[in-house]
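This report concerns only the one structure given below.
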Amino acid sequence: MWVLQALAIILSIQAGVLDLVEVPPEVRSLPVALPAPVNLPAVLPGSPGLNDPAKNRMLPPKRPGAPSRGGKCAPAARYFLSSDKLQASLLSILPPQIEDMVKCDKVNMKGVLGDILATMQDSNLLSILDITSLLQGGGGLGLGGLLGKEGNEDPSKPSSGSKATGGLGQLLPEGLPGKEGLGGLLNLGGGKGSGKGLLNGDGLSNAVKPLDDIVENVDSLKAAVQDKVKSVVPENIKDPFSDLLNMDIQETMLKLKVKQVKVGSTDINMGADGIKVLSEVTADVEGEGLLGPVFTLLQFQSVMDVTMNIAVSSNNTQCVNLDVQDTHMHVKEMNIQLLQTVTETVPLPTSLPLNDIIPIVLTAKMNENLEKSDSCGIVLSDFNDCKNTTGLFGYQVHTARISPKGLSIDYCVKANIDNKTVPVPGGRLPPDPKNANVSITIASSALRTLVKYVAKQSSVQMNDLEAQITYIAFAPQENNMLRLLYKVDITKDSQPYATGETKLFISHASKILNSKLVPDVKLTRSEHSVVPPETKEEVEGIMAEVTRKAWSRFNELYKKMSIPDGVSSNTLTNSDVKLLRSNDLQAAS
């Protein structure tokens, strides 16, 4: 039975039969709404972001900066750029581009600000000031006093009921019938009847007329704001500036222009997901027009954050660049901070903040304009001047990645020898040098590919003898020396005759100057041995010719050796090329 009764009650509520809450007649007699103490601007049509506060926060990246990957080969070379050098490069490239972006005509900061000012509900400058901020900073004129907070009370703590109603009580005229006043009317104290005073207070029926008188107190509030503004203006322009605040905005803002944009601090954070940049920017927008008989210029100052995500991209070529993604401008505040009279420029001792709605709309509209523009975005083309270079070795990007340590680019390598392309086997590369700003590492397999090709091209025929290199190896020595060992099979009349072994000791003093390899290799000495020993005198001549031919060919090819391009804005300008114990070549600065 009780189930049926519950169902009947629910259906009655949906049909509007039952009135569960009876509104007391005293409440019905209250005014519909209280007058607002300040004039806020109207919501601008077509301004995204006003109805969606989440759009005004920092935007998450649309595309994570994933490492750029190339083919299936194993890397045989690497370029490294430290995070310190990369940040230094960005700090030199980004600020002027950020300034140009904010000033860009298609972002249209001046036009957006002008539209906002033109659609304010009230027509004078006083109406667009942030009254709350001004009065909170004004000591005895603080808004807290008008709302009942004492000057020494912590604003972060909830007010007690008596203090919360005290300020509103001050807005009501003296002589409100009933000793409880507004406090008793609302009964917001800590007693058991908290929250019920609105319905039970004896003075409720007499509250309508005193509440109507609040409008006069709002006018007093405006007057207090104007007095507060005048208190921060130099004495010689107090009265003319007061007149300026009450002038029609349309008369005041005849012309707006972005006068100056300046990037202050810039923070750059590097991680596995890319580079995150946060820059603090100030932009001065000047309003020129007929500002009365005294003022010729009024300047607005915007303080904003510009954020962006930067990812690395390569398109599987030999060149890597940085791609700026998700650029976002967040206008934090707008202030009036400079006046110009007929005779002098007057910087205000304290900036006058504009209403909070203005930065919100400005943020939304400027970002919308930036997204639509194809010419205002930031492009880091100066970071790397991509050119198709040629040389003994060709390098194609295998992987490019950002980490807290910096930028690493791994390359696949091919050798271009005598119109032939020979893949260079890859493998595990040694770590980058400690504390290096820029480094280049080339795997030992590149040098091995070179000497193997030289061995194949070093056959010699002399009289009835023929010699051919059948084995070749090299190893590092002290003082950056290279020992090259090869074995030679010698035949006589096409029959095996002797086996020779030669050791070449090569000094290696090559350098990288202005991103180019400057080879410096010298043959310092050689050692030969022959089996069987009795053939030594007969084969000495042909073995010497093999050495001459092999060294000549090696020296010729090594002089054509090329290195990875890396990043053109951060190259090795004067670095020694070291031969590591692993036979890899490495240079750093």
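None of the values given here were measured: they were computed from a predicted structure. Computation of the quantities below employed the complete heavy-atom set of this structure, encompassing side-chain atoms and omitting hydrogens, waters and symmetry-equivalent molecules.
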- request: Determine, for K405 against D432, whether the closest basic-nitrogen to carboxylate-oxygen distance falls under 4.0 angstrom.
  value: no
message: Test your reading of the model: is there a side-chain donor-acceptor pair from T571 to the backbone of T573, 3.5 Å cut-off?
response: no
field: Under 3.5 Å donor-acceptor, D410 side chain and A76 backbone
entry: no
task: Work out which heavy atom in T363 is nearest to a heavy atom in M329; give both atom names and the distance.
output: CG2-O, 3.2 Å
- prompt: Does E286 come within less than 4.0 Å of K110, counting only side-chain N to carboxylate O?
  reply: no
query: With distance as the sole test, does N108 use its side chain to make a donor-acceptor pair with the main-chain N or O of G111 at under 3.5 Å?
result: yes
message: Looking at every heavy atom in both N335 and P353, which two are closest together, and how far apart are they?
response: OD1-CA, 3.1 Å
Can you give each donor-acceptor pair under 3.5 Å made by side-chain atoms of residues 554-563, sequence neighbours left out, with the distance rounded to 0.1 Å?
| unit_1 | atom_1 | unit_2 | atom_2 | d |
| --- | --- | --- | --- | --- |
| E556 | OE1 | R553 | NH1 | 3.2 |
| E556 | OE2 | R553 | NH1 | 3.3 |
| Y558 | OH | H508 | NE2 | 2.6 |
| S562 | OG | F393 | N | 3.1 |
| S562 | OG | F393 | O | 2.7 |

task: State whether a side-chain donor-acceptor pair under 3.5 Å links Y79 with S439.
output: no
field: Pair H528, T502: side-chain N/O donor-acceptor within cut-off below 3.5 Å
entry: yes
message: Keeping S552 on the side-chain end and R548 on the backbone end, is there a donor-acceptor pair under 3.5 Å?
response: no
field: Any donor-acceptor pair under 3.5 Å from S569 side chain to F383 backbone
entry: yes
message: For the backbone of S314 and the side chain of T317, can you confirm whether one donor and one acceptor N or O come within less than 3.5 Å of each other?
response: yes
- request: Look at the side chain of T524 and the backbone N and O of S507, then say whether any donor-acceptor pair between them is shorter than 3.5 Å.
  value: no
- prompt: Testing S82, S89, S589 for side-chain hydrogen bond (donor to acceptor under 3.5 Å, both in side chains) with N570, which one passes?
  reply: S89
- request: Indicate yes or no for a side-chain donor-acceptor contact from D418 to the backbone of K420 under 3.5 Å, with no hydrogens or angles considered.
  value: no
task: Taking Q586 for its side chain and I440 for its backbone only, find out whether a donor-acceptor pair lies under 3.5 Å.
output: no
message: Consider side chain to side chain contact (heavy atoms under 4.5 Å, CB included). Of M543, E545, Q468, which one does V460 pass it with?
response: E545
- request: Among K259, Q301, K262, find the one that has a side-chain hydrogen bond (donor to acceptor under 3.5 Å, both in side chains) with D284.
  value: Q301
query: When you check the gap from the basic side-chain N to the acidic O, do K365 and D115 get nearer than 4.0 Å?
result: no
- request: Indicate yes or no: does K103 engage E99 in a salt bridge with an N to O separation below 4.0 Å.
  value: no
- prompt: Salt bridge check: are D273 and K276 linked by an N-O gap of less than 4.0 Å?
  reply: yes
- request: Dump the intermediate steps for side-chain hydrogen bond (donor to acceptor under 3.5 Å, both in side chains) on N384 and S568, then the final yes or no.
  value: CA-CA 5 Å; N384 198 7; S568 62; 3.3 Å; yes
Side-chain donor-acceptor pairs of residues 511-523 under 3.5 Å, sequence neighbours excluded:
| unit_1 | atom_1 | unit_2 | atom_2 | d |
| --- | --- | --- | --- | --- |
| K511 | NZ | N574 | OD1 | 3.2 |
| K511 | NZ | D576 | OD1 | 2.6 |
| D520 | OD1 | K522 | NZ | 2.8 |

message: Check this for me: E537, atom CD, are more than 12 non-hydrogen atoms of other residues, nucleotides or ligands nearer than 6.0 Å?
response: no
message: Closer than 4.0 angstrom, basic N to acidic O: yes or no for K492 and E538?
response: yes
query: How long is the gap from CD1 on I310 to CG on D323, to the nearest 0.5 Å?
result: 9.0 Å
- request: Spell out, as yes or no, whether a donor-acceptor pair under 3.5 Å connects the side chain of S575 to the backbone of L572.
  value: no
- line: Heavy-atom closest pair (L504 atom, S526 atom, distance to 0.1 Å) is CD2-CB, 3.5 Å
Within 6.0 Å of NZ in K549, more than 12 heavy atoms from elsewhere: yes
statement: Of all heavy-atom pairs linking L362 and L113, the shortest is CD1-N, 3.9 Å
field: N-O pairing of E527 and R525 below 4.0 Å
entry: yes
